[in-house]
Structures are given as C-alpha cells and as structure tokens.
Amino acid sequence: MTYNLKNIFSKSYLGKPVYSAALAFFRIVFGLMIFGGIVRFWLKGWIEELYIQPKFFFHYYGFEFIQPLGSYTYALFIVCGLSALMFALGLFYRIAALLLFLSFTYIELLDKTNYLNHYYFVSLVLFLMMWLPAHVNFSIDAWRKPSILKRQIPLWTVGSIRLMLGIVYCYAGLAKLNSDWLLEAMPLRLWLPAKNDMPIIGSLFNEVWVAYLFSWFGAIYDLTIAFFLLNKKTRPFAYVTVIVFHVMTSLLFPIGMFPYIMILATLIFFDSKSIDALFSGMKQRFSQLPIAASNTAFGFAPRSQKFLTVLFVCFFSFQLVFPWRYLLHKGELFWTEEGYRFSWRVMLMEKMGYAQFVVKDAATGKTVAVNNNDFLTKNQEKMMATQADFMLQYAHMLRDYFRQQGMKEPEVRATVYVTLNGRRSRLFADTTVNLAKEYDSFRNKNWILAYSDKIYGL
Amino acid sequence: MKKLLLAFGMITVLFPACTKKDNGNNDNNDLNRKNMLSNYAENYVIPAYANMLGKLTELKTKTESFTATPNEANLDALQQSWREAYTIWQRTEMLEFDPAEDASLRMYMNIYPVSVTKVNSNIASGTYNLEAFGSTDVQGFPALDFLLNGLAATNADIVGFYITDPLAQNRKKYLQDVVNKMVEKTQTVNNAWASYKTTFTDRTGTDVNSSLSKMVNAYVLYYERYLRSGKIGLPAGAMTGNALPQLTEAYYTPSLSNELAKTALNAVSNFYEGKSYDGATDGAGIKDYLASIGTMDKDKLMSDIISDEMNEAITALNNLNTPIKEAVVNNRPAVLGLYDQLQDVVPLLKVDMVSAFGISITYVDNDGD
C-alpha cells in the first residue's frame, strides 16, 4: 500500500470498508477506562477535595458560565460514570455518548486548576465518538435491535480516532523539540533523581546521561510512534514500545490513568480484521452475542455524510492549527504560558512559583497581606503561582472579597517569583500594576515581565 | 527503523557537547536521601528535642522553687532559665513535622502575642483548659514572658504578684500549669522520635508524604511565616505599612528579642548546611543534596547562592543594634532593609530549592504543568 496524499484523501480510500469490530472494541475499552477513572476519582476522595471543598474555582476564559454544583457534583459524577458504562455496553449509544461527552467536559471545565492534557484528549475523542457508528457491533443496542448490526464501516471512522491519537503524539513530540528538553535534559534531570529510591533501577536516575537518554527517546517516540503503529511491519514492535514507554512513565510520574488510556487506545491502530476475527471467535462460542457475522456495511445517509465531512474537516483543521496559536504571542511561551494549554505539551517543564498578594484600599491606605491558604487549596495555589490568567482571576476575586469586607477601592498587587526548569527564580509580574484593573483576553498580558533567557525550538 | 538509527546516531554525536556543561553534578552519595534523612534525625532532630526537654525540665524545677518560695533570687533564676529555654527553642521550632506536627508543639510553645486579657481572666477564674481550641495565645514562652517579666517594672514588684496579690495562689498555679504543659508536650515529641526514627529514614520518596517533603515544607513554612514574618515582618508592618511593635517576640523582654531572632536564623542556616545540632560536624544536608542536583545561576550553584543570601541576612540582623520592638518604630528603614534580606531567601527556598527537589505537594494527578 502506498501512502500518497491524493490517495489518502480520496473518497474511495476514506470510504473503504473496514471491520466495525475495531471501533466497537475501542468503544468498550474507552468507556470502561473512563468508568474506571471516575470510580478511582471518587474513591480517592477527589470529588470532595477538588470540586466541593474549594471556596473558589478558576474558570476557563469564555466558560465562566460553568458553575460548581456543590454536593450535586456527586450526581454529575454518577451521570458521567453511568453514561460511561452505557457507552461501553452500547446501550442507547447516541444518548450515552452525548451525556458522557457533556458530563465529562463539564467536570473538566469546572476548574482549570485540574487541567490535564489527557482529560482534554478524552473530551475530544468523546466528541468524535458521538458521531461515529460505534454501536453497530457487539452492543446492547444491536442485541435489542439486530437490524443495526453491521460488520463493516467506512475507514474514515476508525481513521479519525487514529488521526486524533496521531496528532496527540506528534504534537507532544514537536513540543519536545526545544533546547531545554534536548540540550539540557530538563526537566527530566530534576525529576529522575527524585525517583532514585526505586528498586533495582533507581540508582541509574542519578546519572545525567540517563536523563538525556530519556529525553531523546521520549521525543523520538512521540514523533514517530504513530507512523510505526500505522505500518503493518513495525506495528508489533511499536506496540511493545508503547507498553514499555507508558508503563515507565506511570512508574515515574503521577499522571494517573493516562498511560493506561494510551496503551489501550493505541489498539485502534491494529488491523480491524484481527479484531473482527476475535469477535467472530466469540460469536462461534456464544452464538447469542450481538456480533455482526454476515457481511453487511454501514452507510451514512447522504445528508449526514455531508454534514459530518464538514464537521470533521473543521474539527481536525482546528486541532492542527490551535496548538500553534502561541506564535501570535510575544514573549517566551514557557514563561508566559500564553497559548500553552490545549497543545499537547505534556511533562514538558518544571515550574514553580511563589505569589504574595497585597490588597490596599486606595481610599484609606489600609493594607492587607493575603494568606493564599485562606482562599485557595494547595493545588490551586501552586497553579496560580505560575500562570498569569490564574493570577488575574485570583486578583479579581480578592478585589471583590475585600470590597465586600468594606474596602472602598481595593487595589491588588502581587510579588511573584517563578523558577523554570531549574533556572534561578525571578520576578514574574510587574509589582506596581494594580491587577484589579487588568482583564483577561487573548491578547498579550503586558504586566508579565519579559524573560531574559531564551528557550530555542518549537 | 532508519529514522530510529539516525536519531540514536544524533544522540551519540550530541552527547559530548551536552555533558561538558555539567559541572557540579553527580556526587551520587549526596543524592542518597536515606543518608540525608539519617543525618537529620540522628544528628539534629533527636538531640534537639533531648536538649529542649532538658532545658524545660530545668525550667520546671526553677518554677517549682519559685512558686514554693516566691522571692527575687528565685525569680531571677527562673527568668534566667526561661531565657535559656526560649533561646534553645529557637533551634527547635523549625522541626514542626511528623511527631512535633502531630503534637502541634508550636501551639503550646510559642504563639505570640500573648493575650494578656485571656491570661488574666484564666488566672482570675482558676478554670481553663490549655488544650482547648483558642488557647494557643495564653501559654508557652510568650505567656511566661508576661508572667515573669511583664507584670511590673521591677522584679521586686513582680514578686509581689506571687505573694501579696489576692490572686497570687491562682497565678502560681497558672504559671506551673503552663510550664508543665510545655514539658508534657515536648516529652511526647521526644519520646515519639525514639521509635519514629526508622519510619522517618525509610520514607525516602519525594511524594507529598515522604520525609523529605514533610521536613522541607515544615522548614520553609517556618522560615517564611514564623521567622521572616513573625519575628520581623509583622512587627515592622513590612507588607502593610504600619509598624506594630506589640507583635514582637519576647515583647516584655526587649533585650532578648534580637538574640532569639539571631539564634533562629543561625539555626535555619546550620540546618540547611546539614550541621549537627551541636555544630561539631557537617553531615549530608539539603544543601549538599541540592548541590548534587546541580541547578545553577550564572555558573554558580544555587545551593551556594542560598548560603550566601542567608549569610547576608545574618549580617543584616547582627547589624541591628536596637531591640526590634524599638527599632520598628525609631529605625524602621533599617528593619525593612533587614526584612528585604530575609525575604530574598524565601523564593530561593520555597521555589528554587523545592522545584529542584521535585517534591510533590499533593497526590492529585499532574502532567507537568
């Protein structure tokens, strides 16, 4: 098979039938992973800790209408968990997928403190899945209504999930092509020694060359793995690498479910025929299972085909372009983080800050030094102390709070020190600027001080 | 596959170029957290509580003598013992992690300013509970400061409060109770450490519940909140613009305040260096650990930069010749200068050091900012 662009984007290629078992299998695995993630979240007490206890939530710009639900947050998680199960089982699939997408995304939008690239990834995949016929094989819907059973679906359905994964990996790899990662082995050089008490291999983490090896391997892995997974010959080797790589990251870093999600999600790269064979095997043993056996193909109605083409082209164009928005901002990306999120920059920097806010009533001169612990959780404080948009929201909250407390004209100023990838901490924001009067937007925040070091690369 | 080979080729070519830069790195022994934790437990923490307990036991004896026979000589001896114990406490207070944290030791030892109103009402009523929530400002060294130094201008008059005053009996009992509580709490922590040591040195990770994380967080919190702010920043009104001399540590013994601050700052510096409690030996400390990680600024190790900044703060504090309580009013610029020196260390410890250590602050998932 030759991959040339003209072929790949041709109707006949994208519409080529593949086995629906691949997408159904992905649906089951993905739904169960999300369900597991929700249960894990609940058992760890994080619903309470992250979404009920905080007195203040950091909204995403443009999503200020997403409000915390108090103790109803549990209900939201129940909806999310149940819809994940329904999604996996293929029970009322379209409704389940929609509910799951909405509830999951709502949770993630509640507080940007908890932003994780993989949550964003899950939301995006769920968005795609809402439109795809993932329930036409091995689903309760098909058991209830066998007429929807179809053994084949168009290639682009499975292909769009592969493309999404490919974008995640490639962009994560591109983001690693910078001087700190490649030439200084930062931040792994700081993170690895912190794990030197691991059994057997721990002492290796004290060696600087290991940090370089991991950095380079990580970058090459991210950049190439999708292609090695696409290629039939390299696929088995590539998948072993996927497992080793993600198990390693899960041992080293507190990244939760992400490694396992990736290990299972990348199964979508396998030949749909092999998964169909697996399904057929099960069908032979248990003939009652709602598994498509006869060669029937799923076809979209012409109108929805047209609609989906436009939708998916827009979606992927956005995905390809949005991570580059940082180029429109001046200043060092890692320092300002303007255009940093939603761009697959994962485990890319070690950043820590210290932010002392002072509120002064311009009318009376009365001044109060703010203890962040009075308003924010530890995690919120950590995120706030390095990210400008958090600082602004916090400053506005302080302004409103102290106004309520009787101050006439509260002015909010901050002394913020930030260290980035082991460099000495320096002042982050102009200490003379009254943040109560600054507003968030997509424009540059002029009160962020320029970074004197340059990090080269993407 | 070709790509992979090419890439590995690039690594081997680039490696020598990169590794040249790594001065200061890789004294692997200093990266051994177990060694470091053992040094702190055996050579600092355990001797610190033993010594503290010794001083407090002495204080207790002197208190018993004074309450049995209130006179100027006994008061003198008790005041002297209080000064010594308070000074020693300055080398102990930063250790508020694990057993001391469990016992909330600081709450029973050194929350100031003391609430004179509450102390007097406790004495008058004779009923009080030193364990109760909201009792932190009626006990510990600050309450003793008031009871031993703050009741009157002269020792002769102070003794009067324990003999002729209608509440003399109650006051003696209160004095004794406060001292007993301090001994009791310190005893608890001291005993706990004997069995706790192994747990402490075995928790070698860098997660939120690791010993390094707990120790460093307690240390940095102490430096920022109780040393920088408590001893200098709040009385000077560094952030608010209004001096509040009544917030000074050892308010009723102004001659002692500066001494306490100096002892505390020196203790912070010695602890950073990994020195033993008696100062005789220099073991594996957080400074050495930081040096091995090797973060730098302009070819200078961050670990050395922190030492330098601490030393500058020590010099600035030594240069302050008037008692803090007076200086914050009469010589505020000098105190604010000192505050700035102390402040310069805060981001270095709280941000630069903690970041280089890779310590987590919570258990929540994180994909690296």
Side-chain angles (χ1 to χ4, degrees), chain A residues 44 46 49-50 114 116-118 182-185 187 189-191 193-197 203 206-209 212-213 216 220 224 234 253-258 337 346-354 356 358 360 365-369 377-379 382-383 385-386 417-419 422-425, chain B residues 1 3-4 7-8 10-11 14-15 17-19 21-22 25-26 28 31-34 204-208 212 224-225 229 233 237-242 289 292-298 302 305 343 346-348 350-352 354-369:
Chain A
K44 287 193 177 246
W46 287 347
E49 192 183 326
L50 302 185
N114 308 316
L116 288 186
N117 284 290
H118 79 256
L182 296 174
L183 301 182
E184 304 289 337
R189 205 163 157 175
L190 300 179
W191 290 343
K195 299 289 166 186
N196 64 12
D197 58 335
S203 64
N206 290 338
E207 308 291 338
V208 175
W209 66 264
Y212 276 102
L213 181 74
W216 279 76
I220 294 164
T224 59
T234 50
F253 309 116
I255 46 181
M257 303 279 290
F258 181 63
E337 292 195 44
V346 190
M347 306 297 293
L348 208 49
M349 57 182 186
E350 164 61 35
K351 206 173 177 191
M352 192 168 267
Y354 153 79
Q356 175 66 60
V358 171
K360 182 179 176 184
K366 190 188 174 222
T367 308
V368 179
T377 66
K378 273 188 172 181
N379 217 28
K382 179 186 152 83
M383 293 299 165
T386 58
Y417 281 91
V418 173
T419 174
R423 290 180 189 81
R424 182 170 182 171
S425 59
Chain B
M1 212 54 208
K3 265 185 209 163
L4 212 63
F8 278 111
M10 275 166 69
I11 296 182
L14 276 163
F15 246 106
C18 314
T19 37
K21 285 190 192 165
D22 315 325
N25 242 11
N26 257 338
N28 287 350
L31 281 174
N32 184 324
R33 287 188 290 278
K34 193 159 186 147
T204 57
T206 51
D207 57 287
V208 65
L212 181 66
E224 184 187 11
R225 194 174 294 172
S229 287
M239 281 194 254
T240 59
N242 301 314
Y289 185 73
S292 311
I293 290 171
T295 45
M296 285 198 227
D297 183 43
K298 299 190 186 78
M302 284 309 300
I305 292 172
Q343 166 61 27
V346 173
L348 291 175
K350 202 172 178 176
V351 172
D352 298 66
V354 171
S355 173
F357 285 0
I359 298 172
S360 334
I361 58 154
T362 60
Y363 269 126
V364 177
D365 295 346
N366 188 324
D367 65 359
D369 310 306

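Each chain gets a letter, A, B and so on, in the order the sequences are listed, and its residues count up from 1. Computed from a prediction, not measured in an experiment: that's the story for all the values here. The figures here come from the full heavy-atom set of this structure, side chains too, leaving out hydrogens, waters and symmetry mates.
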Between CG on residue Leu31(B) and CG on residue Asn206(A), distance to nearest 0.5 Å: 4.5 Å
Rounded distance [0.5 Å steps], NZ in Lys350(B) versus OG1 in Thr419(A): 14.5 Å
Partner chain B: residue of Gly365(A), Gly353(A), Pro187(A) with the largest heavy-atom pair count (under 4.5 Å): Gly353(A)
Which portion of Leu212(B) sits near chain A, non-hydrogen atoms under 4.5 angstrom: neither
Pick from Lys360(A), Gln356(A), Met257(A) with the largest number of heavy-atom pairs that fall under 4.5 Å of chain B: Gln356(A)
For the student: nearest non-hydrogen atoms of Ala194(A) and Gly358(B), plus distance: CB-O, 4.2 Å
Atom of Val358(A), atom of Met239(B) and distance for their closest heavy-atom approach: CG1-O, 3.9 Å
Check: Met352(A) main-chain N/O paired with Ser355(B) side-chain donor or acceptor under 3.5 Å: no
Atom group of Val354(B) that falls short of 4.5 Å from chain A, counting heavy atoms: both
Leading residue by heavy atom contact count with chain A [cutoff under 4.5 Å; candidates Arg225(B), Lys298(B), Lys34(B)]: Arg225(B)
Residues, nucleotides or ligands: over 12 heavy atoms within 6.0 Å of Lys366(A) NZ: no
Backbone of Arg423(A) reached by a side-chain donor or acceptor of Asp297(B) within 3.5 Å: no
Pairwise side-chain contact, Ile293(B) with Leu190(A), heavy-atom cut-off 4.5 Å (strictly under): yes
Side chains of Val418(A) and Val351(B) in contact at under 4.5 Å (non-hydrogen atoms): no
From Thr204(B), Thr206(B), Asn32(B), residue fulfilling side chain to side chain contact (heavy atoms under 4.5 Å, CB included) relative to Asp197(A): Thr204(B)
Side chain proximity check, Arg424(A) to Leu348(B), heavy atoms < 4.5 angstrom: yes
Distance, nearest 0.5 Å, that separates CD of Glu350(A) from OG1 of Thr295(B): 10.5 Å
Closest non-hydrogen atom pair, Tyr289(B) against Pro193(A): OH-O, 4.2 Å
